[in-house]
Amino acid sequence: MTQDAVLYPLLPDTNADALERGILAQWDAEKLFEQSQAARANAKPFVFFEGPPTANGRPGIHHVFARTIKDLFCRHRAMQGFYVPRKAGWDTHGLPVEIEVEKELQREEAARQGVDPSEIAKLGGKQLIEQVGVAEFNRRCRESVWKYRGEWEKLSHRTAYWLDYDNPYVTYSHDFVESVWWALRTMHEKSLLVRGHKILPYCARCGTALSSHEVAQGYDDVEDPSVYVALDLLDADGNAPAMRRRILVWTTTPWTLVSNTALAVHPDLTYAELRKKSGAEFTIILAEARVAGVLGGDWADRWDVIGTMKGSDLAGRRYRRPLDWVEYPAEGRHEIIVPEEFVSAEDGSGVVHMAPAFGADDYAAGQRHGLAFVQPVNARGEFVEGTPEVAGLFVKKADARILEVLKERDVLWKASQFMHSYPHCWRCGTPLLYYARGSWFVRTTAMREALLSRNAQVNWNPSEVGTGRFGEWLSNNVDWAISRDRYWGTPLPVWVNDEDPTDIDVIGSYADLAERIGRPLPDDFDPHKPHIDQYTWPAKSGTGTMRRVPEVIDTWFDSGSMPFAQWHYPFENKDIVAAQFPADFICEGVDQTRGWFYSLLAIATTLGDALPNNAHDSAAPYRNVVVNDLVLDAQGQKMSKSKGNVVNPWDVMERHGADAVRLFLVASSQVWVPRRFDENAIRETAGRFLLTFRNVYNGIFAQYANFGWQPSANDPAVADRPALDRWILSRLTRVEAEVNRHLDNYDATLAARRVMQFMDDDVSKWYVRQSRARFYDIDSADNRAAFATLHEVLTVTCRLLAPFAPFITDAVHRALTGTSVHLAPYTREQPTPVDETLETAMDDVRTLAGLAHAARDVADVKVRQPLPSLQCVVPGNVTAVSELGALLASELNVKQVEFVTSTDALVSLEAKANFRTLGKKFGKETPLVAEAVAALGSEQLRPLTAGENITVVAGGVERLIAPDDVAIIRRASGAAVVQENGGYGVALDPTITPELREEGLAREVISRVQRLRKEAQLAVSDRIVLAVSGDEEVLGAVAAHRSRIADEVLAARLLLGDEVGSPFSDNGDGAAWTATHTGDVDGRSIRLALTKDGV
RNA sequence: GGGCCUGUAGCUCAGGUGGUUAGAGCGCACGCCUGAUAAGCGUGAGGUCAGAGGUUCAACUCCUCUCAGGCCCA
């Protein structure tokens, strides 16, 4: 080996972290990402949309997960030759940002006042914000958004998530906001942006509605009233009937009874009418299933059932409301029973009281049935002036008084308390009210069919999300309430005449705004609150002023607008959007189902042909979605700050490297299954695999190829290479196609596993192991074939693996070819054809090798000891397998391998039933026939091997058995050591002749000399002088195999026995030798000594 | 309360259209190899397929229910 000409640099002997950081530095210096983009700039685009993260929180390991998936598909498609634009984006508006800043304000205020921050929190957020001013608050929000930007970018960089961070879209930017305004204006033109009511969880103390995730933070177990009232049913004419009939109604919020307008029953439930056995002055009606629950287990002692009816029979009946404190408005029906599917007989009475102003179900039912809307509660949660008995009382506080009145009026059936989980304000602990509020809506219900049909065109991975979670939600879709009573968000661009609320102007661009106010917008124009609210103008009608509504919009509307807003469409870049809409691929977590996945679809569907390639019956804004699930800790628990089990991605990266982490995350289970993040598992799976991969390159290929091989015309053509080479190349072609197909199908897990399995099982365990000797003998044709083959295998494997483990594959690919793997094509244009027969034969050989090893184990003979013969039985094509006999012979160290067929005396036949075909023919008789078949002997079975039918008697009847109906098993039946499994069998002859004993000893000597060379730290190419002494038998063996031993251990001179001379004295004086060894082989003594030749 | 997912060896996971020794890797035990060596390889022991019913000649696989875990929504 000439040290000055290293053909294949070895990977540095550092840990993965250091290796990867070195590669990153190289990529940065070369601008490899930019290069890879530029190289494909004119190719067909594969469009990827990046779902924007909020940068005001630290990125965690779950972000590494999602980003790995995004990155690997983008890399794959780029390697396939597509242009894959990857514009970064930041989600910058919304409640999480506000909450962060609010908490800061609370801490500052608490410090100023010298109190605990929780005291300040009780005040309610809005007060504090308005104290510092909206301008200052929003300024701080804008700043807060970027708090962790640097860390996001650094982590993306470290994990090799290739994304264009130089030109990101930012949802608060002027351009982005203007595009969002355009979208809202467009929706308004289509009458799809409207004003209405929505029931929202509302904190009366803070004066604000809460978002769902705020609500989720505040669930608490509390004791609430459980109240049954018995209301009088009325006749069709509205009068009370002669015999009172009372319907039982359950509620946990007695204060809402003031606003009752209807009762709901389930149309399919059975309701029972009962009369008391004594003093029957009235009857009561409730769900049959709840009779025992409400009246007690012994109800039958006191009540008679006098009739039953369906809920649908009750629907339409009138009743008298429990309290008549508020006037019903002129519009809307009231005091009527309506059928509703949401009513259940799980608890209560199966009859639900409806107050449309105070519950989502109630409101929806109100809409469906045209019910009256009664709202006697103000924004502070108090009953309004003029309400009898309870005016000015906070609603929850009014419960007690209301119960008293109900009792006085004889409508209270029974009242108790019960524990349940109820949401409270996370800031101040006040119980939330479900409260009807004015709100702006996108009328997505008008688009339901279109949403569903577009969704049906999406390739969801996994498909259940599309049909199940997301599809279900779409079919129960309600209008999207997009307005928020908050501060930091895209302002709703709706101006309303302060004198005439029906006079509405929705502004769709800054130019329009300038036009309305009659002057250009100032240089420091800011579309955010409070700046934007100074713009007003006189109404066209001449009366009133146009003023913007106070709300901002749901931040999901921002992110859902990114397909066009990231390009400031339609004000700029129409051509880009035309080319890059819709997306071919997006990927996010399951939690985005109702988030980004929905907002993208809803906005694109609503905008319709206002976007390019988006006419009415187009596909969704994304064609393929990969949904990933959570990353749990090693125990399967959700990671959370409070549990302290959050994994810091930087620590993990440092210990294992990004390649191992990426590979683990993708390969450990399907990405849409929650995965446990276990560092031991990373080490044992991905880490071990990468080590093997590295060893095959460093330890086998590079080490020996550096003796002088490189690709050349002297390498034998594939057809001329040994079967082993042709086999691994055939495997390679198959794997290449399969992996590519899996990635095309968005199955990253199967793809990763396939490459890993190939590398481990086929390349390392079999190809390299069987080929090792071929790499030593540099420059022979066989050697060239082996190197050329392994070079090809490694190069292609690097490419297949590059999307998953972009670092080590790049290092190895560069070492092999001089170019980056990330600029290489994913698959070869002309792969070696697959050789099916050869692959099957090799499978057979590997199975036989396993059996033969087992046989050696049983015979208790080491592999080093040659044995005379091995007989093999295979179920299939004997000719093909026997070509690989030499391989088996060397693997098992036997002199002769024979393949025997069913005609041999050594083989007996047995039959096993093929239930698949027998079942069809014989049905219930199948087990009988199977038994009869199994009892057949060799002779009876022979015709089947020749393709002829036979008959058997089963259950007293003759049955015709075709060759397909049974599997014939050949069994080796010699006197030798036999192992068999599933039609494969071996018979190993364990006889050790004196000659074989000699050869075994010789191999033993070789083995010990090699070990000694290693101990002496000789280079693999160093020549030695070797001395052997010891037992007679040992010396005889060495003498018999003298030249072979000298050859294998590179001994220039071999001194045997007496030739050794004095230095080998018993006093252990080996000073003249570099290394010596004294031991015994099966009781025969042996002494070895060696020194480097020519020293 | 509703929807969806998951439950197979100690651990992590495979197991088209139901077919009779239920597979792999890791770990473990035993062994091999000793020119990939803080590597490589083989063999083996581990499972009433969460539980209970049902359909079927035949159920890990299909149906129903129950239990446990997870996510989303109320």
Side-chain angles (χ1 to χ4, degrees), chain A residues 212 215-216 342 344 346-347 360-361 423 434 462 464-465 467-473 476 589-595 627 629-630 632 634 636-638 664 667-670 672-676 678 680-681 683-685 688-689 691-692 694-704 749-750 753 756-757 760-761 764-766 768-769 772-773 775-776 849-858 860 862-864 891-892 912-930 934 979 981-982 1006-1015 1018-1021 1048-1050:
Chain A
S212 58
V215 174
F342 62 76
S344 92
E346 297 288 318
D347 46 24
D361 285 338
Y434 285 84
E464 310 88 70
V465 175
T467 53
R469 191 180 281 226
F470 195 54
E472 291 284 333
W473 145 262
N476 296 313
V590 271
D591 51 328
Q592 295 299 323
T593 311
R594 282 138 161 106
V627 180
D629 210 309
L630 289 182
L632 307 173
Q637 297 290 308
K638 195 175 176 176
F664 167 78
S668 63
S669 61
Q670 286 292 355
W672 43 81
V673 173
R675 80 227 317 80
R676 298 184 177 201
D678 182 351
N680 287 325
R683 207 182 333 268
E684 286 162 8
T685 58
R688 191 204 49 75
F689 164 75
L691 182 62
T692 302
R694 180 197 176 98
N695 278 336
V696 171
Y697 171 75
N698 254 14
I700 301 291
F701 180 82
Q703 181 175 177
Y704 298 110
T749 305
L750 284 189
R753 286 178 176 172
M756 290 167 79
Q757 193 203 351
D760 259 339
D761 212 46
S764 171
K765 275 197 177 115
W766 197 250
V768 168
R769 201 157 68 84
R772 273 166 73 161
F775 295 112
Y776 310 151
L851 291 170
H853 276 294
R856 266 192 174 270
D857 221 38
V858 170
D860 197 20
K862 289 184 177 186
V863 177
R864 211 179 292 156
E891 168 70 9
L892 272 308
K912 210 172 96 178
N914 176 4
F915 283 85
R916 204 184 279 273
T917 58
L918 288 183
K920 283 191 186 118
K921 283 189 192 169
F922 300 114
K924 285 196 188 200
E925 310 290 323
T926 307
L928 278 177
V929 180
Q979 290 284 310
N981 187 16
I1006 292 172
S1007 154
R1008 295 195 185 202
V1009 174
Q1010 300 290 31
R1011 207 179 316 170
L1012 207 53
R1013 286 181 58 109
K1014 187 126 220 158
E1015 280 167 20
L1018 298 184
V1020 293
S1021 54
E1048 293 217 12
V1049 304
L1050 297 183

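Each chain gets a letter, A, B and so on, in the order its sequence line appears, and its residues count up from 1.
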Going by side-chain contact (heavy atoms from CB on, under 4.5 Å), name the residues that satisfy it together with [X], two or more places apart in sequence or in a different chain.
| X | value |
| --- | --- |
| Gln670(A) | Trp672(A), Val673(A), Asp747(A), Thr749(A), Leu750(A) |
| Leu1050(A) | Arg1013(A), Arg1023(A) |
| Lys765(A) | Asp761(A), Arg846(A) |
| Ala855(A) | Val977(A), Gln979(A), Val986(A), Leu988(A) |

[N] to [M] separation - [atom1] atoms, rounded to the nearest Å:
| N | M | atom1 | value |
| --- | --- | --- | --- |
| C57(B) | C41(B) | C1' | 45 Å |
| C73(B) | U55(B) | C1' | 35 Å |
| C49(B) | U6(B) | C1' | 14 Å |
| G44(B) | G23(B) | P | 12 Å |
| C63(B) | U48(B) | P | 25 Å |
| A59(B) | U64(B) | C1' | 15 Å |
| A24(B) | U8(B) | C1' | 13 Å |
| C26(B) | G7(B) | P | 23 Å |

Looking only at side-chain atoms of Arg769(A), point me to the closest of U43(B), G42(B), C32(B).
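Closest of the options to the side chain of Arg769(A): G42(B).
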Query raised in the report: Which nucleotide, C57(B), G70(B), G35(B), lies nearest any side-chain atom of Pro674(A)?
Result: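 That would be G70(B).
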Would you mind reading off the distance between [X] atom [atom1] and [N] atom [atom2], rounded to a whole angstrom?
| X | N | atom1 | atom2 | result |
| --- | --- | --- | --- | --- |
| His853(A) | G44(B) | NE2 | C1' | 15 Å |
| Arg864(A) | G31(B) | CZ | C1' | 12 Å |
| Phe689(A) | A39(B) | CZ | C1' | 16 Å |
| Asp629(A) | U12(B) | CG | P | 16 Å |
| Gln703(A) | G35(B) | CD | P | 11 Å |
| Phe470(A) | C73(B) | CZ | C1' | 14 Å |
| Trp766(A) | G42(B) | CH2 | C1' | 11 Å |
| Lys862(A) | C30(B) | NZ | C1' | 14 Å |

For [X], which residues count as a salt bridge (charged side-chain N to carboxylate O under 4.0 Å, His left out) partner, sequence neighbours excluded?
| X | answer |
| --- | --- |
| Lys862(A) | none |
| Arg688(A) | Asp760(A) |
| Asp678(A) | none |
| Arg769(A) | Glu891(A) |

Of Gly850(A) and Ile700(A), the one whose closest nucleotide on RNA chain B sits nearer the 5' end is Ile700(A)
Closest to the 5' end of RNA chain B, once Gly699(A) and Phe664(A) are matched to their nearest nucleotides, is Phe664(A)
Mind checking if Glu1048(A) touches a base, just sugar-phosphate, or nothing, with heavy atoms under 4.0 Å?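 Glu1048(A): base contact, heavy atoms under 4.0 Å.
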Notebook entry, point to check: If you look at every strand shown and take non-hydrogen atoms under 4.0 Å, does Leu1050(A) touch a base, only sugar-phosphate, or nothing?
Noted result: base
Heavy-atom closest pair (Ala667(A) atom, Met756(A) atom, distance to 0.1 Å) is CB-SD, 4.0 Å
Closest non-hydrogen contact found for Leu892(A) with Ala849(A) is CD2-CA, 3.9 Å
Residue set satisfying side chain to side chain donor-acceptor pair (under 3.5 Å) with Arg864(A), at least two apart, ordered chain then number -> Glu1004(A)
For this session: Report yes if at least one side-chain N or O of Ser764(A) is closer than 4.0 Å to OP1 or OP2 of C41(B); otherwise report no.
Result: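 Looking at the OP1 and OP2 atoms of C41(B), one of them is under 4.0 Å from a side-chain N or O of Ser764(A).
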### Message
Any side-chain N or O of Thr692(A) below 4.0 angstrom from OP1/OP2 of A39(B)?
### Response
no
inquiry  = Would G46(B) be called syn or anti here, given the cut-off of 90° from 0?
reply    =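 Syn.
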Margin query: Just verifying a value: how many Å separate Ser764(A) OG and Asn695(A) CG, rounded to the nearest 0.5 Å?
Written below: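 Going from the OG atom of Ser764(A) to the CG atom of Asn695(A) covers 8.0 Å.
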* Which distance, rounded to the nearest 0.5 Å, do you find between the NE2 of His853(A) and the CG of Leu851(A)? ->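 Atom-to-atom, His853(A):NE2 and Leu851(A):CG are 10.5 Å apart.
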(Q) side chain to side chain contact (heavy atoms under 4.5 Å, CB included) for Asn698(A) and Gln703(A)? Distances and angles first, verdict last. (A) CA-CA 6 Å; Asn698(A) 254 14; Gln703(A) 181 175 177; over 6 Å; no
Enumerate the protein-to-nucleotides 25-27 of chain B contacts in which both atoms are nitrogen or oxygen and the separation is below 3.5 Å.
residue	atom	partner	partner atom	Å
C26(B)	O2'	Glu684(A)	OE1	2.8

Filtered N/O pairs between nucleotides 14-21 of chain B and protein, under 3.5 Å:
residue	atom	partner	partner atom	Å
G19(B)	OP2	Arg916(A)	NH2	3.3
U21(B)	OP1	Lys912(A)	NZ	3.4

The dot-bracket string of RNA chain B, counting Watson-Crick and G-U wobble pairs with both distances under 3.5 Å, using [ ] for crossing pairs and | for pairs to another strand, is (((((((..((((.....[...)))).(((((.......))))).....(((((..]....)))))))))))).
